Amino acid sequence: MEQKTLILGVIGADVHAVGNRILDYAFTQAGFKVINIGVLASQEEFIQAAIETNADVILVSSLYGHGEIDCRGLREKCQESGIGNILLYVGGNLVVGKQDFAPVERLFKGMGFDRIYPPGTMPDVPIADLRQDLGLV
Amino acid sequence: MEQKTLILGVIGADVHAVGNRILDYAFTQAGFKVINIGVLASQEEFIQAAIETNADVILVSSLYGHGEIDCRGLREKCQESGIGNILLYVGGNLVVGKQDFAPVERLFKGMGFDRIYPPGTMPDVPIADLRQDLGLV
Amino acid sequence: MELSGKKMDQEVFQRQREEVLAQWSTGKEVNFEEAVAYHKALPKSKVMAAKLAEGKAKGITYTQPRAGVALLQEHIELLRYLQDEGGADFLPTTIDSYTRQNRYNEAQAGIEESRTIGRSMLNGFPAVNHGVTACRRLMESVQVPVQVRHGTPDARLLAEVTLAGGFTDFEGGSISYNIPYSKDVPIATTIKHWQYVDRLVGLYEENGVKINREPFGPLTGTLVPPSISHAVAVIEGVLAVAQGVQSLSLGYGQCGNLVQDVAALQTLPVLAEEYLHKLGLSDVMITTVFHQWMGGFPQDEAKAYGVISWGAATAALGKATKVIVKTPHEALGIPTKEANAAGLRTTKQVLNMLKDQTFPQTEELALEKKVILAETRAILDKVLELGEGDMALGTVRAFQAGVIDVPFAPSRFNAGKILPARDTTGAVRLLDFGNLPFDEETKSFHQERIAKRGRDEGRDPSFQMVIDDIYAIGKGMLVGRPRP
Amino acid sequence: MELSGKKMDQEVFQRQREEVLAQWSTGKEVNFEEAVAYHKALPKSKVMAAKLAEGKAKGITYTQPRAGVALLQEHIELLRYLQDEGGADFLPTTIDSYTRQNRYNEAQAGIEESRTIGRSMLNGFPAVNHGVTACRRLMESVQVPVQVRHGTPDARLLAEVTLAGGFTDFEGGSISYNIPYSKDVPIATTIKHWQYVDRLVGLYEENGVKINREPFGPLTGTLVPPSISHAVAVIEGVLAVAQGVQSLSLGYGQCGNLVQDVAALQTLPVLAEEYLHKLGLSDVMITTVFHQWMGGFPQDEAKAYGVISWGAATAALGKATKVIVKTPHEALGIPTKEANAAGLRTTKQVLNMLKDQTFPQTEELALEKKVILAETRAILDKVLELGEGDMALGTVRAFQAGVIDVPFAPSRFNAGKILPARDTTGAVRLLDFGNLPFDEETKSFHQERIAKRGRDEGRDPSFQMVIDDIYAIGKGMLVGRPRP
Ligand code: B12
Ligand code: B12
């Protein structure tokens with residue numbers, strides 16, 4: 001089967017690197033091609049990497065609480081850059097504070113993300129979703 | 001000043017003895033005459049002790065959660081026994097479970113208690129109240 | 001019947017049995033042979049002694065909450081919640097205070113009132129009133145062993161009903177469920193009543209059914225020096241084994257000083273084995289139970305979590321087989337199921353983080369162990385001396401003489417002369433020895449330690465120190481220092 | 001300017017200062033002489049170094065939370081709440097992540113958006129944007145010393161504004177606020193920037209104002225072996241003292257194994273004093289800071305309380321001068337003030353219960369200390385060798401060579417070759433040494449310990465073990481055992 005390409009990174013001024021390392025390892029183990037742009041990644045860096053590698057999915061992490069500010073407009077920028085239909089996943093501790101997940105999910109759905117993951121999501125969950133969304137099952 | 005007499009005891013099937021020991025010591029130190037009928041005390045024992053010693057106040061402890069059942073009718077029994085106007089104080093962990101104190105206070109006021117104390121009351125509080133209620137200040 | 005520590009005569013037992021089973025209507029439900037068959041059909045995972053043996057071998061510390069409400073369905077829901085959401089390894093059924101005093105009529109009123117108003121008016125589960133079938137419904141609704149926990153001086157009918165009902169563990173003993181739990185019951189009476197309970201357990205054992213027995217370690221829960229509770233635990237263990245008990249969990253209530261608590265946990269089985277051996281009693285399985293701090297708790301839940309965790313850490317470092325868990329509601333009232341499960345999860349987190357760590361054997365620990373061993377032996381040897389070799393007789397006489405003396409106990413058969421206080425490191429020592437048969441070396445050890453605290457605090461040791469210590473943990477301290 | 005560990009030239013400093021103060025409008029508010037006068041008028045109870053000195057002398061372990069929100073009034077309310085309801089001994093001001101990256105425009109947008117929607121949109125207090133006067137309003141609203149806590153590679157302006165604003169303690173350092181907090185910033189750059197900060201503190205000291213400095217001990221917070229964080233702490237301490245810093249708090253993040261953590265706390269000041277002495281630097285006051293577990297937390301609050309309490313117990317037994325407190329919300333998001341105060345009260349309860357207890361010096365402890373001392377010395381001696389006696393130069397070269405290597409760090413100037421994993425008792429060891437300059441004896445110690453764990457778990461040590469350990473505490477364990 002053809003190998004699907006994922007862009008992985010931690011958006012904004014966020015430096016939380018541990019989860020990113022584990023996701024990189026887990027997605028690679030699961031058979032995906034992982035382009036890891038690491039922490040402190042801007043929206044532009046995500047998009048550029050996706051265009052350059054003809055990626056299938058952008059997976060955005062945000063742990064530090066500014067996710068709401070940092071992710072706004074990413075879908076629109078993708079559209080402007082001609083990859084408007086790329087799958088966008090986001091996960092981590094997306095907002096400031098301990099909040100119910102349902103409104104957070106709605107918020108990020110509204111911003112154009114396809115899948116939104118609550119804090120502490122284990123890698124097997126997005127791996128299963130990727131397989132489904134990419135028609136690998 | 002004349003020494004006032006207090007009846008002290010732990011009502012019902014309740015065996016919590018530690019607070020009782022401390023109250024006995026503290027009220028005695030504060031100059032009261034303490035008749036301590038101890039734990040596992042019935043309503044009748046409280047009343048009998050009060051009549052025998054011509055006591056000024058009955059102080060009921062209930063720690064174990066059955067206070068509501070055990071204290072019902074005490075005021076009425078006092079009335080029947082001719083000491084209907086004796087001061088009745090009650091304290092401890094009066095009901096089953098962690099509950100707001102306001103409704104508990106109302107409940108025991110309704111049963112005819114003059115003063116009701118929340119869990120963990122320190123002896124200086126009832127001592128000050130006793131002095132006030134008995135006109136010792 | 002004359003008092004002695006010997007095995008009950010079978011005929012005497014049978015005669016009593018008829019009376020006991022007639023004390024309340026549910027006694028009629030008890031059929032021993034049928035109950036033995038019921039137990040034999042239980043899966044091993046619901047048998048306390050089997051799971052304890054596994055834990056002991058593997059060095060696991062299990063968790064157990066306290067819990068009980070008036071009505072069966074609610075009680076089942078409560079226990080399932082503690083099992084599923086709290087991860088309790090063992091479940092309890094805490095019995096209400098009327099049943100503990102054999103006041104089954106009042107318990108019945110409590111059940112009915114609870115039904116009417118829709119919340120539990122009782123502080124526990126009235127198992128006698130509910131009867132054998134109800135108990136079995138409970139057993140069948142949960143996955144782990146269930147123990148009866150109570151505080152009943154005369155627990156004969158309770159034992160009959162609950163053991164027939166499928167419980168595989170029964171807490172209590174003639175001293176530990178008398179002295180802290182009653183005012184007027186002679187010790188000779190409770191010894192006899194508990195010999196009945198132990199003999200009943202022995203009968204189950206003889207019929208191939210494992211029932212664990214657990215003397216109640218913490219007594220009054222308030223500044224009880226380890227040697228006092230150890231002496232009681234050993235006596236109750238010896239009395240139980242004499243009646244045929246095969247599996248014993250010996251308990252101890254946390255005092256708060258780590259070294260003293262670890263020393264206490266490590267010496268308890270040593271002493272029990274020593275005296276069982278000395279009295280020619282057969283080998284039994286001995287496990288240990290550690291109770292998180294049993295005295296007054298802080299009202300604030302965050303602080304209560306701290307106390308709970310420190311108890312969990314001590315249980316893990318002392319390698320207790322089981323820890324009995326407190327809840328963040330402790331100071332205020334019987335906990336909700338949520339608070340109870342929270343206490344369990346806090347405990348479990350700490351146990352898991354510490355399970356592979358050990359407390360090193362050090363000089364300080366060796367000293368504490370030496371002290372506890374010497375004191376407990378002094379008490380127990382005196383008990384045997386007073387009893388002319390008989391533990392039961394010796395116990396009655398020892399209480400009369402104040403040779404065993406439990407602080408803050410309500411019973412008038414307890415001398416009530418000793419006064420415990422913490423030393424400057426928080427270890428529980430004695431300020432007044434009453435008539436405890438300690439030698440001068442032991443006494444001066446206590447005196448020096450307490451004197452040191454007095455110097456640190458600039459005051460003479462007195463009853464005020466004891467009061468301060470009683471309040472201390474509730475106020476966020478261990479040692480009740482004078483307020484600055 | 002060439003890199004060296006020597007004291008900054010005053011002229012160079014002054015020239016830079018003009019640039020720094022021009023980076024954002026609030027720089028204009030800074031007036032050094034006036035700030036010195038402001039500090040001198042502060043009551044002693046608000047001066048960190050003074051209170052730390054008292055605690056060190058008395059053996060007290062103080063508590064400090066982390067906290068910061070976007071708006072001044074809300075931030076003041078938050079800190080007062082933590083002081084009054086949490087009983088915090090020291091207060092923090094945690095800086096938001098935009099400010100940490102010197103993105104003051106974004107921080108400004110965050111402030112304005114927070115004003116509009118009425119909740120903090122920033123994960124900290126943007127002190128530069130708020131400016132000197134606002135900081136002083138804060139100082140005047142609380143009763144205890146306040147420290148700046150951040151994670152800013154270039155914190156020069158932040159230091160100028162906050163120190164002029166009356167803060168008496170400033171966290172961070174050239175390595176600890178670079179390697180875990182950035183991706184692309186060369187170490188030589190942050191060394192220079194932090195020499196500026198330290199020199200500024202030195203100037204305050206020369207003018208009679210006490211400012212405490214605290215390198216950030218835990219680094220990435222995730223399985224950092226003590227010798228790595230100790231080496232970094234000592235380097236940052238040495239670099240700071242060279243610029244005139246007089247009062248140093250050295251930090252360490254809990255690993256979870258009690259013996260290793262106590263050993264780490266006991267060796268940290270020893271090593272710092274040793275290298276300060278070796279480099280001919282003057283005597284300074286050294287205190288220790290213990291961070292409750294800095295890696296992934298359990299989401300369940302009850303379990304989080306267990307982790308918090310175990311951190312508190314370790315801080316107390318290790319006699320840290322200060323403990324930085326986590327909250328029951330840790331795994332999920334910036335805590336509410338209530339959750340934050342709860343973490344403080346849990347911690348305080350445990351600290352109080354343990355403050356008079358000590359962890360005994362045992363063989364196991366001696367061994368851990370020996371290992372930490374040997375490893376840290378091996379790293380530091382190599383750093384000095386690479387730097388031809390100069391700590392600053394040596395540090396840059398050591399990172400290039402992987403002689404210092406921080407696990408899981410985002411910085412591309414960090415080798416990222418070592419792999420830590422727990423041994424079977426939960427102590428953090430090394431599975432892969434990368435280029436750490438350890439001798440064979442040390443290496444085989446680690447290998448043996450990890451091999452033992454492998455045998456216990458029936459698997460070969462591998463990256464999977466590391467992953468399991470990263471998740472372990474969050475899942476209620478310490479050691480990440482394979483699921484059964
Ligand atoms: C020690 C203890 C025991 C010991 C008692 C030993 C003994 N014989 O004394 C033992 C282990 C035996 C025990 C047994 C039980 N206990 Co108990 N026990 C406690 C505990 C931990 C401390 C009590 C104590 O000594 N406090 C220290 C003293 C100094 O404080 P105090 O008793 O509160 O008294 C002070 C004040 O309340 C006040 N006060 C008290 N009475 C009065 C009266 C007046 C007029 C005034 C002004 C003031 C006042 O002044 C006192 C001095 O400051 C409390 C929980 C807690 N507080 O932390 C539970 C607690 C009281 N026990 C409780 C229960 C339920 C039981 C049991 C039924 C067992 C069970 N289900 O677990 C049995 C009951 C047996 C019986 N028949 O009574 C519950 C009561 C629940 C409720 N009300 O909802 C509590 C609250 C624990 C809990 N949260 O579940 N217990
Ligand atoms: C370790 C840590 C740090 C370390 C990071 C070291 C490093 N460079 O990596 C240090 C100490 C430096 C740090 C700093 C800060 N941190 Co921090 N940190 C943590 C902590 C304790 C653990 C994170 C971790 O490594 N977890 C382990 C990994 C494996 O899990 P993970 O990161 O959650 O990732 C997994 C999942 O979330 C998921 N996932 C993540 N992203 C995505 C994306 C997709 C698409 C999918 C499918 C899944 C997914 O998969 C991962 C693997 O399972 C968390 C709290 C916690 N979780 O317990 C706080 C936490 C994330 N930090 C927080 C904050 C605020 C900060 C700081 C601002 C400091 C502060 N105020 O205290 C700075 C920020 C610096 C910056 N500019 O980013 C907050 C965020 C708050 C919020 N969102 O409301 C947290 C939640 C703590 C808290 N409750 O306050 N932190």
Side-chain angles (χ1 to χ4, degrees), chain A residues 8-30 36-43 45 61-73 91-104 107 117-125 127, chain D residues 69-70 96-103 106-107 109-110 113-114 119-124 151 153 178-185 220-223 295-299 301 327-336 339 406-412 414 416 463-464 466-467 470-471 474-475:
Chain A
L8 190 66
V10 186
I11 202 165
D14 193 338
V15 302
H16 289 89
V18 183
N20 173 268
R21 280 279 283 279
I22 292 191
L23 289 176
D24 187 336
Y25 180 83
F27 292 141
T28 307
Q29 290 284 95
N36 190 350
I37 60 171
V39 304
L40 290 168
S42 65
Q43 294 191 353
E45 288 170 88
S61 288
S62 176
L63 280 304
Y64 72 153
H66 294 183
E68 189 176 342
I69 303 185
D70 294 335
C71 290
R72 262 185 226 148
N93 298 60
L94 293 173
V95 288
V96 173
K98 177 173 176 175
Q99 295 182 30
D100 279 347
F101 187 62
V104 174
L107 184 73
Y117 298 89
T121 302
M122 295 293 287
D124 46 329
V125 182
I127 288 171
Chain D
V69 287
D96 70 291
S97 290
Y98 293 130
T99 302
R100 294 172 183 214
Q101 303 292 333
N102 311 101
R103 304 190 190 168
E106 279 162 273
E113 186 158 349
S114 303
R119 75 179 154 91
S120 182
M121 289 294 288
L122 295 179
N123 59 10
N178 173 343
I179 300 300
Y181 285 100
S182 49
K183 186 157 91 170
D184 270 330
V185 185
T220 51
T222 307
L223 305 176
F297 249 65
Q299 293 196 359
E301 296 191 15
T327 84
H329 286 183
E330 177 62 15
L332 289 165
I334 304 245
T336 58
V406 178
F408 314 110
S411 171
R412 65 182 184 81
N414 182 68
F463 190 60
Q464 189 56 48
V466 184
I467 294 183
I470 288 173
Y471 286 128
K475 296 187 181 235

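Predicted model only: the values in this text are computed from it and were never measured. Within every chain, numbering begins at 1; the chains are lettered A, B, ... in the order of the sequence lines, protein sequences first and strands thereafter.
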4.5 Å side-chain heavy-atom contact, A/Ile11 and A/Gln43: yes
statement: CD1 (A/Ile37) and CG (A/Asn20) are apart, to the nearest 0.5 Å, by 9.0 Å
field: Toward chain A, the part of D/Pro410 with a non-hydrogen atom under 4.5 Å
entry: both
message: So which residue, A/Ala13, A/Ala26, A/Gly19, ends up with the most heavy-atom pairs under 4.5 Å with chain D?
response: A/Ala13
task: Find the distance between CG (A/Asn93) and CG (A/Asp14) and round it off to the nearest 0.5 Å.
output: 9.0 Å
task: Find the distance between CD (D/Gln101) and OG (D/Ser182) and round it off to the nearest 0.5 Å.
output: 7.0 Å
Check: D/Lys183 and A/Val15 side chains under 4.5 Å, non-hydrogen atoms: no
Region of A/Ile22 that comes under 4.5 Å of a non-hydrogen atom in chain D: side chain
statement: Ranking A/Gly65, A/Gly120, A/Gly38, A/Gly97 by heavy-atom pairs under 4.5 Å to chain D gives rank one to A/Gly97
query: Roughly how far, to the nearest 0.5 Å, is CE of A/Met122 from CD1 of A/Ile127?
result: 10.0 Å
Proximity breakdown for D/Ser97 and chain A, heavy-atom pairs closer than 4.5 Å: both
query: Non-hydrogen atoms of chain A under 4.5 Å away: do they reach the side chain of D/Pro180, the backbone, both or neither?
result: backbone
query: So which part of A/Gln29 gets closer than 4.5 Å to some heavy atom of chain D, the side chain, the backbone, both or neither?
result: neither
message: Using heavy-atom distances under 4.5 Å, tell me whether D/Arg100 contacts chain A through its side chain, its backbone, both, or neither.
response: neither
statement: Separation between NE2 (A/His66) and OH (D/Tyr98), nearest 0.5 Å, reads 5.5 Å
- request: Please look at D/Arg412 and chain A and tell me whether the side chain, the backbone, both or neither of the residue comes under 4.5 angstrom of a heavy atom of that chain.
  value: neither
query: Highest number of heavy-atom pairs under 4.5 Å with chain D: which of A/Val10, A/Val95, A/Val18?
result: A/Val18
